[in-house]
Amino acid sequence: MTENRFDKGYDPLLVENKWYTFWEENHFFDADECSDRPAYSIVIPPPNVTGVLHMGHALNVTLQDILCRYRRLKGDAVLWMPGTDHAGIATQNVVERQLAEKGMSRHDLGREGFIEAVWAWRKESGSAIINQLKRLGACCDWRRERFTMDEGLSKAVRQVFVRLYHEGLIYKGDYIINWCHRCHTALSDLEVDHEEIDGFLYHIRYPFAGADGHLVVATTRPETMFGDTAVAVHPEDERYRNLPTAAVVLPLAERVLPIIRDAYVGMEFGTGALKVTPAHDPNDFEIGRRHGLESLKVIDDDGIMLPPAGAFSGMERFACRKAVVEELTRRGLLEKIQPYKHSVGHCYRCKTVVEPNLSKQWFVRTKPLAEAAVAAVEAGKTRIVPEVWVKNYYDWMNNIRDWCISRQIWWGHQIPAWTCEDCGKMTVAMDDPKACSACGSSRLVQESDVLDTWFSSALWPFSTMGWPEDTPLLRKFYPTSVLVTGFDILFFWVARMMMMGIHFMEEVPFRDVYVHALVRDEAGKKMSKSKGNVIDPLTIIDQYGTDAFRMTLAVFAAQGRDIKMSEKRVEGYRHFVNKLWNAARFAMMHLETPSDLPQTEKLDLPHRWILSRLQAVSRSVSENLDTYQFNNAAGDLYQFVWHEFCDWYIEAIKPDLYEKYGDEPRQFARAVLWHVLRDLLILLHPFVPFITEEIWSVLPGTRGSIMNACFPEVDSGRVDLDSERRMKVLIDIVSAIRNIRGEMNLQPSLTLSCRIHSIDERIHAAVTEQGDRIRNLARLDGIVLTASDEKPKHAAVAVIENAEIYVPMEGVLDIGQELQRLGKEMNKVQTELTNISRKLMNEDFIRKAPEEVIEKAREKQTLLEEKRNRMQRHIEKLQTL
RNA sequence: AGGCACGUAGCUCAGUGGGAGAGCACUACCCUGACACGGUAGGGGUCGUUGGUUCAAACCCAAUCGUGCCUACCA
């Protein structure tokens, strides 16, 4: 080890790159499908190729990495499958923006040219996100990296489409869909974000046809009135029971519309009369279907008014709204305008207001698929953790609507369906057809639409493993062990993977789904570019190191609670990483070649204690990681490293290491210290992989990488509750003396002496055996141990369980101060005692509480009474002075 | 509109039927031979509010207030 490498402060930047390269080059991340060890597999939620690493990725990837590293240490054959998503609309938008800067549009390049341009873009910048994942330490099998548009996955997509089509689960039909005029494509229901908007409710008079008077309808989108094909009222609405006619005249267009009665109409809302526009509203579309109404499109795919709008045709939709309102006002047909807050759908990509639009699209019939997906969870084949999400999953699956899978963009999997220009028959096939299957004509035209990006992601767990081929990888690693994901894509992705996995693999895609929380800013707001509150993970890593960052994420990853991220927190865990570094540095000063762990009986108290505690923390890490309680595992490790290993163990054994007690204790201390540190590094490795590898590499007696080490299984022979109890006596005594020192403002450099009065044999044994350690830890020059009941004068006193500790302060004891200190302590004891006594006097408690609870309370009462009495005597004595 | 979370120390959060906890921040003392990114000690809480169940409630139930999110959109 060189001076600068093992410096007193840990510098992550010096080591992280080195070790990552080392791991990758030595193939430690590689999955072996031929291994006979148990399989453990995870497929990464593929980030968008356009993506830049954000906090969500960082949390998601860190949790997966912790699990993979942990399972590898446990001896499993681990596959962590990486890859990226082609992200249809998002990617197309990025490339289109670049073209726009050059004053071009995709139409200048044509479809093929444009797709080439996208591939070129991907080649150039598509691996940025992958490199960012690597900086987090992600131990993916990068040799197997996949892309949703690559050849194998495209083949899987095609196979799935063709099979579903022939099974009647994919169809093409007229339907009202969400249309984004900017992206120029249909969007699935999930791709629409609803936002509250301050709009207006326009009350418009529709004159009766052939009679006086009018009906007032209320609408937020008056420009769609040209598409009205009826006016609807509720069948039981008294106000409209006896109307003069059964029709109204549509203003401006002067068309006659029937008045229909449909229970969908809300009587309380507006005037209780609803204009029905089947081509531009999903609910109106349904009403239209029920009543056999015509659908009349009045807004085209660019948001421009169509001919049915008459004088308004050719206008942009919002300009038209304004013009219509003005015209209606002029004609006295606008009864009133009411301010109205309502939510309006926006494109999730570009935030344009989406227009419900009638159009011919491709759909997946989801009902049968969803039923199987629900059944699988009900049968426990897939477990959703935490459980709160199960209900959400069921609700969504049970109310699922058909999934619109066609998108009118160029970047994506083009739909493998061809229409014959001669006979109109459609051919859907695995291989591009040369001739129409019906009439044999070669005049075939392929669908220009591509598939929703989520269509290919839905196949991810098996398409990445080589499906539709029957590969060894699939046989070894499907179904995957767990899917780790944020709840924001539970429906987009998880639900659809369940449907597709079950349908095509006849087996669920994952045993567990672990749904983690969202990372927010320190104020609890969702991070977003527009709010300007994003914290860049890479900036954090540069400043604090990957390990500190990962530890922070793990500690805060409590189930069901969002993480509020701030630099301040990460700083705290950098301190932890540094603490670990220094503990190791200290150990290294004393360790040479390690020796075997001595037999327990030969070991002195602190060693037996720390080995026992190590078993507890090892059990905790296993149990908590097995149940996805990352925060508990990380928290227990933090506590153990800092407050047990560093604060007490290392401090306690310093005399041994400095050979104060001779050669054998020194050898023993070295041996135990080495073993504990080694096991601790392995336990910590999943959370803080870099520093543990760095320390491992300089720790004598370790070979190779820590990644190939064995997870320290709990050795019940080392669990030693008696030693834990005795160590507590030592800690209590030392703490009591330190408390006196602190409260009495005695300089730490001042060595004190103390008298321990006790008639308890265990105290005598502990103090006799551990006297020297107590002297060291409490900075004493002498301890007098006695069974005497005589109270020394001029001494501060601490009353602990079964003992009193006196620190003589001849001439310097401030009686007032001491009385105050004891009084404070006395209050605490008295309050506790009162509570417990009251409880024990309660007859119902004695009658109904379990035996052991009563027994425990009695013991406690006895202890407290004794302590109270002893303290009382001290206080009385001091008062007589 | 419906649903789901969450209200515990100044801040961030664990705890989920029998002794109110941690980290940070704060106060005092200390550069003691791993670590000042450190050590020791200390102060600080009616566990949102109100009822109920129970021998016993921060924890279970109900109501209520507050906060956040999700789903759906009645035009």
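We use all heavy atoms of the structure for the numbers below, so side chains are in, but hydrogens, waters and symmetry mates are not. A quick note: this is a predicted structure, and the numbers were derived from the prediction, not measured. Below, chain A is the first sequence line, B the second, and so on; all start at residue 1.
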Got a list of side-chain donor-acceptor pairs under 3.5 Å for residues 845-857 of chain A, not counting sequence neighbours?
residue   : atom : partner   : partner atom : Å
Arg847(A) : NH2  : Asp844(A) : OD1          : 2.6

Checklist entry - How is the base pairing of RNA chain B summarised as a dot-bracket string, given the Watson-Crick and G-U wobble criteria with both distances under 3.5 Å, [ ] for crossing and | for another strand? => result ((((((((.[[[[.)..(..]]]].(((((.......))))).....[[[[[..)....]]]]])))))))....
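In terms of phosphate contacts, Lys654(A) brings a side-chain nitrogen or oxygen within less than 4.0 Å of OP1 or OP2 of A34(B). For A34(B), one of the phosphate oxygens OP1 or OP2 lies less than 4.0 angstrom from a side-chain nitrogen or oxygen of Tyr658(A). Phosphate proximity of A75(B) to Tyr340(A): present, with a side-chain N or O under 4.0 Å from OP1 or OP2.
Side-chain N or O atoms of Asp547(A) include one that pairs as donor or acceptor with a backbone N or O of Phe690(A) at under 3.5 Å. Using modelled atom types, one side-chain atom of Trp674(A) and one backbone atom of Pro700(A) make a donor-acceptor pair closer than 3.5 Å. Counting only distance, with no hydrogens or angles, the side chain of Arg868(A) and the backbone of Leu864(A) share no donor-acceptor pair below 3.5 Å.
Here, U67(B) and C26(B) have their P atoms 31 Å apart, quoted to the whole Å. U16(B) sits 43 Å from C31(B) when the P atoms are compared, rounded to a whole Å.
A salt bridge (charged side-chain N to carboxylate O under 4.0 Å, His left out) check over residues 644-657 of chain A, counting only residues at least two apart or in different chains, returns the pairs Arg613(A)-Glu644(A), Glu651(A)-Lys654(A), Asp656(A)-Arg773(A).
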Short N/O separations, protein against nucleotides 4-11 of chain B, under 3.5 angstrom:
residue : atom : partner   : partner atom : Å
C6(B)   : O3'  : Arg561(A) : NH2          : 3.2
G7(B)   : OP1  : Arg561(A) : NH2          : 3.4

Got a list of protein N/O to nucleotides 37-43 of chain B N/O distances below 3.5 Å?
residue : atom : partner   : partner atom : Å
C37(B)  : O4'  : His575(A) : NE2          : 2.8
C37(B)  : O2'  : Asn578(A) : ND2          : 3.3
C37(B)  : O2   : Asn578(A) : ND2          : 3.3
G38(B)  : OP1  : His575(A) : ND1          : 3.4
G38(B)  : O3'  : Lys579(A) : NZ           : 3.0
G39(B)  : OP1  : Lys579(A) : NZ           : 2.9
G39(B)  : OP1  : Trp642(A) : NE1          : 2.6
A41(B)  : O3'  : Asn739(A) : ND2          : 3.2
G42(B)  : OP1  : Asn739(A) : ND2          : 2.9

Look for any protein N or O under 3.5 Å of an N or O in nucleotides 56-61 of chain B and output each such pair with its distance, or none.
none

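When the nucleotides C55(B), A34(B), G23(B) are ranked by their closest atom to the side chain of Lys848(A), C55(B) comes out on top. Side-chain atoms of Pro850(A) lie closest to G18(B) of the nucleotides A75(B), G18(B), G23(B). For Arg585(A), whose side chain is taken as the heavy atoms from C-beta onward, the closest listed nucleotide among U32(B), A75(B), A34(B) is A34(B). Closest to the Lys568(A) side chain, of the nucleotides C73(B), C24(B), A34(B), is C24(B).
As judged by a 4.0 angstrom heavy-atom cut-off over every strand, Lys856(A) is placed among residues making no nucleic acid contact. Residue-level contact check: Gln747(A) touches the backbone only, with heavy atoms under 4.0 Å from sugar-phosphate atoms and none from bases. Within 4.0 Å of Thr220(A), counting heavy atoms only, lie sugar-phosphate atoms of the nucleic acid but no base atom. If you check every strand for non-hydrogen atoms under 4.0 Å, Tyr544(A) touches nothing. Within the 4.0 angstrom heavy-atom criterion, no nucleotide atom of any strand lies near Glu571(A).
Residues His590(A) and Tyr658(A) place their aromatic rings such that the two centres sit under 6.0 Å apart.
Between the side chains of Gln629(A) and Thr627(A), at least one donor-acceptor pair of N or O atoms lies under 3.5 Å. Asn582(A) and Tyr10(A) share no side-chain donor-acceptor pair at under 3.5 Å. At a cut-off of 3.5 Å, with distance as the only test, no side-chain donor of His234(A) or Asp262(A) sits close to an acceptor on the other residue. Side chain to side chain, Thr277(A) and Asp281(A) fail the donor-acceptor criterion of an N or O pair below 3.5 Å. Under 3.5 Å, the side chains of His280(A) and Glu355(A) contain no donor-acceptor pair of N or O atoms.
Comparing Ile650(A) and Asn632(A) by the nucleotide of RNA chain B that holds the closest heavy atom to each, the one mapping nearer the 5' end is Asn632(A). Comparing Ala218(A) and Arg779(A), the nucleotide of RNA chain B nearest to each residue sits closer to the 5' end for Arg779(A).
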Next on the checklist: Evaluate Leu580(A) against Leu684(A) for side chain to side chain contact (heavy atoms under 4.5 Å, CB included), listing each step before the verdict.
Outcome noted: CA-CA 10 Å; Leu580(A) 174 66; Leu684(A) 282 162; 3.8 Å; yes
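Atom CG of Leu293(A) and atom P of A75(B) are 20 Å apart (whole Å).
A cation-pi contact, defined as under 6.0 Å to the ring centre and within 45° of the axis, links Arg569(A) to Phe556(A).
On a pure distance criterion of 3.5 Å, a polar donor-acceptor pair joins the side chain of Glu651(A) and the base of A34(B).
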